[in-house]
Amino acid sequence: MKLVVGLGNPGRDYVGTRHNVGFELIDRLATSLGWTSKDADFDRQARSKFEGLAIDGPAAGGKALLLKPATYMNLSGRSVQAAMAFYQCTPADVLVVLDDIALPVGRLRLRGSGSSGGHNGLKDIERALGTNAYARLRIGIDPRPPQIPQVDYVLGRFTDEQRKTLTPTIDRAAEAAIVWMEKGIEPAMNRFNAGSEDK
């Protein structure tokens, strides 16, 4: 079982915000895998499970679970830990998708492990799992303007210009997740870390 976790905050107030690009990736990935149609709503089709919303199905010659934790960002580890325990996943079976304020919109960065980089969702997952040796896919949301507090920026919505770049980036991020499931972290890194700034 491969586990792809998109980080974000539940509820209508957070839909479309920069901090919720992980949720957007899960929506797109479910469509790419043929589990939902383009007009379908992941949240309506998903089951309430593992303190989140989840859909599982066939992928990469095996099975995968797509998960949106409903714990709010700072407690994401509880949801990830519950899903891993149920399916007896190892950290190598997990890909966490999140926003990254240090990367420009249009840029992806895949890593097989690493620090949280100050991201509260990753911090809590590392705390819950006792390791940082799980894959993570960071989606750039642009550095915040100096006059805007970080919390206001990440909980704000993308500008129209940012959204134009982000939409194809989410498509590419879904491809990256599928390559990770099928071939592993190294082939996915080689393919999607290079040239991911093309707009």
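We number each residue from 1, following the sequence as shown.
A135 is linked by a side-chain contact (heavy atoms from CB on, under 4.5 Å) to L95, W180, I185, counting only residues two or more places apart in sequence or in another chain. Scanning for side-chain contact (heavy atoms from CB on, under 4.5 Å) contacts around T167 gives R163, with sequence neighbours left out.
Around the CZ atom of R44, the shell of radius 6.0 Å holds no more than 12 heavy atoms that belong to other residues, nucleotides or ligands. More than 12 heavy-atom neighbours from other residues, nucleotides or ligands sit within 6.0 angstrom of CG on D152.
Between P168 and K164, the shortest heavy-atom distance links the atoms CD-O, 3.2 Å. Pairing each heavy atom of A64 with each of A59, the nearest pair is CB-CB, 3.8 Å. Nearest heavy-atom pair across T131 and P91 is CG2-CG, 3.9 Å. For K123 against S116, the heavy-atom pair with the smallest separation is CG-OG, 3.4 Å. Heavy-atom minimum distance, A177 versus L29: CB-CD2, 3.9 Å. Annotation for S48 and L53: closest pair OG-CD2, 3.9 Å, computed over non-hydrogen atoms.
A continuous path of Ile, Leu, Val, Met, Phe, Trp and Tyr side chains, each step under 4.5 Å between heavy atoms, connects F158 with I148, placing both in one hydrophobic cluster. I170 and L103 are assigned to two separate hydrophobic clusters, defined by single-linkage of ILVMFWY side chains at heavy-atom distances under 4.5 Å.
With values rounded to the nearest 0.5 angstrom, D142 atom CG is found 12.0 Å from D99 atom CG. Taking CD of Q150 as the start and CG of L155 as the end, the distance is 10.0 Å to the nearest 0.5 Å. Once rounded to the nearest 0.5 Å, the distance linking NZ of K68 with CG of L25 reads 10.0 Å. The line from OG of S76 to CD of E51 is 10.5 Å long, rounded to the nearest 0.5 Å. To the nearest 0.5 angstrom, D56 atom CG is 6.5 Å from K49 atom NZ. Atom CG of L108 and atom OG1 of T169 lie 6.0 Å apart (nearest 0.5 Å).
Side-chain contact check for N120 versus N74: some heavy-atom pair is nearer than 4.5 Å. The shortest side-chain heavy-atom distance between N20 and V15 does not fall under the 4.5 Å cut-off. Here the side chains of L166 and I139 are in contact, with some heavy-atom distance below 4.5 Å. For the pair F23 and N9, the minimum side-chain heavy-atom distance is 4.5 Å or more. Side-chain atoms of L110 and R191, non-hydrogen and from C-beta on, never get closer than 4.5 Å to each other.
Applying the under-4.5 Å side-chain rule to Ile, Leu, Val, Met, Phe, Trp and Tyr, the cluster around L7 extends to M1, L3, V5, F50, L65, L67, M73, V80, M84, F86, Y87, V94, V96, L98, L122, I125, L129, Y134.
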Worked check of side chain to side chain contact (heavy atoms under 4.5 Å, CB included) between H19 and H119: CA-CA 10 Å; H19 224 20; H119 194 283; 3.8 Å; yes
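Between Y14 and Y72, the angle of the ring planes goes over 60°, which puts this pair in the perpendicular group of the 30/60° scheme.
Proximity of a side-chain donor or acceptor of R28 to a complementary backbone N or O of E175 within less than 3.5 Å is not detected. Distance alone, capped at 3.5 Å, places no donor-acceptor pair between the R144 side chain and the I101 backbone. N132 places no side-chain N or O within donor-acceptor distance of the main-chain N or O of S113, the cut-off being under 3.5 Å. Looking only at distances, no side-chain donor or acceptor of R78 sits under 3.5 Å from a matching main-chain atom of D124.
Electrostatic pairing of R107 and D100 does not count as a salt bridge here, judged by no charged N lying under 4.0 Å from a carboxylate O.
Under the 6.0 Å distance and 45° angle rule, R18 counts as a cation-pi partner of Y153.
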